Amino acid sequence: DKRADGRALKQLRPLTAEVNVLPPVVHGSAMFARGETMSLCLATLAPMEERQYMDNYTGSVNEKRFILHYNFPPFSVGDTGRFGGQNRREIGHGALAERSIAPVVPGEQEFPYAIRVSSEIMESNGSTSMASVCAGTMSLLAAGVPLKRPVAGISVGLVTEQNDQHEITSYKTLLDIIGSEDFYGDMDFKLCGTSEGVTGYQLDLKLPGIPLSILEEAIHVAKTGRTDVLKVMNEAIAAPAQMSPNAPRIETTKIPADRIGELIGPGGKNIKAIQAESGADINIEEDGTVHIYAAKQEGLDRALELVTRMFKTIEIGELYTGKIVSTTTFGAFMEVLPGKDGLIHISELAEGRACVGHGGEGDSDGVHEGDSVHHHACGPECGEGHVDEEEGQHLEYRIPGEFFLSHGHVENRPWVHVELQNGGEAFEEKNEAHYLQPAGGGAAAASGYDDEEKDKFSKGRPLVEVG
């Protein structure tokens, strides 16, 4: 039971698997070889807008986000023919590999990318489509695609003896057939799948038909071979790798569909400003789904923050960071969220009332336009009841049961955190202690800031350090 190349009937050729064989400018690459059959696959990720659209007048699918192209250059079989477009054979082999991997590709909600795999056949001697499945799977994992499970493929051949009535009298099934066994044999049965089941198959048969028992045997032979192939693939890469820094970053969020116009803005003003500041591209669907694409993670995070903040509501107790947009004789307005300002009343900035100010008359006692300030939002019942008429929110840094501190922290000013003897907190500037009025009334002398007093006056509650 020896075959033309000396192997046993159910013996695989030597297997080789390797990932990241090309420079990192490629999002993901992998090479898989089985004997003299070798496939080099490249995986590329792109925004969903770059998925393939098709004119389908017969009612089939009209778009695809996962595509696998199979290329069979003449040099793979030692020929010098010219390169041209894909022929029927290449299209068919690519379709088989594509539909075999497609069941494990994550859905659009989980992984909102368009994905293209290009299989370049470097050498061919039997079942290059199955090599494309193996290399394609590894290239996707190398690109960081969270496949449900790795997919491998293998082929099973058949040779038979028949009587004068063309009935099969004896047969042999062959695992991992080479070119001559495909040409002279009676069957080429390709079977693809994971460790859990089948994802794709194709049967090329030269006989008028075969008994079901032979096909069942071929399935079991293929499963054994596929398991061995998967072991070699898993040694090369067993889980999705970290996404290439050259791959686009994509994030998806949701906004109310009836507020899409707010994100776009008049003449696209708002969305253009976000894109200009972050360097990201933004696409909005009719149901309010917002897709954000950026070349770098920093740009993606910034664009997502700007979009999210635009549709947030001011929540009581939340700490907000914003700039002073204007000052008046009765306080200062801080931009809490884009287009939403809150009032910090003068009573919370003046000496002896809350935090000591350092400015002159008419500049809101210490804060200036453009200053970056950290504050908590307090409801309209807090402090002396001064609220922003438009938003109905009043800004104040509040520690319940101790004292109110509205001027939480101004950047670029040397505030130093100290403890108060009654368990409150104050700030010290240039070694000059300032006194705060505790919420419960009474005097509050500033003390030094050391570990003993920290333990003494803050026992049982976390320190709030905003300096």
Side-chain angles (χ1 to χ4, degrees), residues 1-18 31-40 70 72 74-79 89 92-93 96-97 100 119 121-135 137 151-164 166-193 195 198 200-236:
D1 289 338
K2 292 289 184 180
R3 296 156 64 174
D5 57 1
R7 287 182 293 147
L9 300 181
K10 307 301 188 294
Q11 182 181 352
L12 287 167
R13 287 176 287 177
L15 304 176
T16 302
E18 188 177 350
M31 184 274 294
F32 180 83
R34 196 180 60 250
E36 295 175 318
T37 296
M38 179 187 296
S39 170
L40 173 65
Y70 169 99
F72 190 88
F75 66 74
S76 65
V77 287
D79 289 343
R89 176 184 176 278
H93 278 52
L96 172 61
S100 298
S119 175
I121 303 304
M122 300 289 100
E123 189 176 11
S124 174
N125 188 11
S127 296
T128 51
S129 60
M130 298 297 95
S132 298
V133 170
C134 300
T137 296
V151 179
I154 198 67
S155 62
V156 177
L158 175 71
V159 290
T160 62
E161 287 187 355
Q162 304 176 34
N163 58 24
D164 294 339
H166 302 290
E167 297 172 341
I168 297 175
T169 57
S170 63
Y171 69 91
K172 298 290 184 181
T173 54
L174 313 173
L175 179 64
D176 182 18
I177 58 175
I178 59 176
S180 59
E181 293 168 337
D182 184 11
F183 184 81
Y184 292 108
D186 296 317
M187 179 182 76
D188 181 7
F189 178 50
K190 302 179 178 72
L191 192 66
C192 306
S195 58
V198 174
Y201 67 91
Q202 178 175 301
L203 175 63
D204 298 331
L205 194 63
K206 299 175 184 176
L207 302 174
I210 58 173
L212 185 59
S213 59
I214 296 180
L215 192 57
E216 290 177 350
E217 179 182 332
I219 291 173
H220 288 295
V221 171
K223 184 180 186 304
T224 301
R226 184 173 78 243
T227 301
D228 293 337
V229 173
L230 283 170
K231 289 179 181 177
V232 175
M233 292 170 55
N234 287 335
E235 291 175 359

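Not measured: the values here are computed from a predicted model.
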Verdict with supporting geometry, Leu12 and Val229, side chain to side chain contact (heavy atoms under 4.5 Å, CB included): CA-CA 9 Å; Leu12 287 167; Val229 173; 4.2 Å; yes
Is there a side-chain contact between Thr160 and Ser170, using heavy atoms and a 4.5 Å cut-off? no
Lys231 NZ: over 12 foreign heavy atoms closer than 6.0 Å: no
For Glu217 and Tyr171, test the side chains for any donor-to-acceptor distance below 3.5 angstrom and give the result as yes or no. yes
Heavy-atom closest contact (Ile168 atom, Pro211 atom, distance): CD1-CD, 4.0 Å
Check Tyr70 against Ser132 and note the closest heavy-atom contact, atom names and distance. CD1-OG, 3.5 Å
Answer yes or no: is there an ion pair linking Arg13 with Asp5, defined by an N-O contact shorter than 4.0 Å? no
Atom OH of Tyr184 with >12 non-hydrogen neighbours under 6.0 angstrom: no
Can you check whether Val159 reaches Met187 side chain to side chain, under 4.5 Å on heavy atoms? no
Distance (rounded to the nearest 0.5 Å) between Arg34 CZ and Glu36 CD: 11.5 Å
How close do Gly209 and Leu205 get, counting heavy atoms only, and between which atoms? CA-CD2, 4.1 Å
What is the distance from atom NE2 of His93 to atom OG1 of Thr128, rounded to the nearest 0.5 Å? 4.5 Å
4.5 Å side-chain heavy-atom contact, Lys190 and Asp204: yes
Can a donor-acceptor pair be found between the side chains of Ser76 and Glu123 at a distance below 3.5 Å? no
Keeping the roles fixed (side chain from Asn234, backbone from Leu230), state whether a donor-acceptor pair exists under 3.5 Å. yes
Any donor-acceptor pair under 3.5 Å linking the side chain of Ser127 with the backbone of Ser155? no
To the nearest 0.5 Å, atom OG1 of Thr224 lies from atom NZ of Lys10 at 10.0 Å
If we only count heavy atoms from C-beta on, is the Tyr201 to Cys192 side-chain gap below 4.5 Å? no
Step by step, would you call Ile154 with Asp176 a side chain to side chain contact (heavy atoms under 4.5 Å, CB included)? CA-CA 6 Å; Ile154 198 67; Asp176 182 18; 4.0 Å; yes
Does some side-chain heavy atom of Ile219 sit less than 4.5 Å from a side-chain heavy atom of Leu191? yes
Is it true that, when you exclude Lys223 itself, more than 12 heavy atoms of the residues, nucleotides or ligands shown sit nearer than 6.0 Å to its NZ? no
Could you state the interatomic distance from CE (Met233) to OG1 (Thr137), rounded to the nearest 0.5 Å? 4.5 Å
Side chains of Thr37 and Asn125: donor-acceptor distance under 3.5 Å anywhere? no
Measuring only between side-chain heavy atoms, which start at C-beta, is Gln162 closer than 4.5 Å to Leu207? yes
What pair of heavy atoms forms the shortest contact from Gly225 to Leu175, and how long is it? CA-CD2, 4.0 Å
If you look at every heavy atom in Leu96 and Met130, which pair is closest and at what distance? CD2-CE, 3.7 Å
Nearest 0.5 Å, please: how far is NZ in Lys206 from CG in Asp186? 7.0 Å
Does any part of the side chain of Met38, heavy atoms only, come nearer than 4.5 Å to the side chain of Ile121, both counted from C-beta? no
When you compare the side chains of Ser39 and Ser119, does any donor N or O come within less than 3.5 Å of an acceptor on the partner? yes
With a 4.0 Å cut-off, would you call Asp228 and Arg226 a salt bridge? no
Here the gap from Gln11 atom CD to Lys2 atom NZ, rounded to the nearest 0.5 Å, amounts to 7.0 Å
Closest contact, heavy atoms only, Ile177 versus Arg3: CA-NH2, 3.8 Å
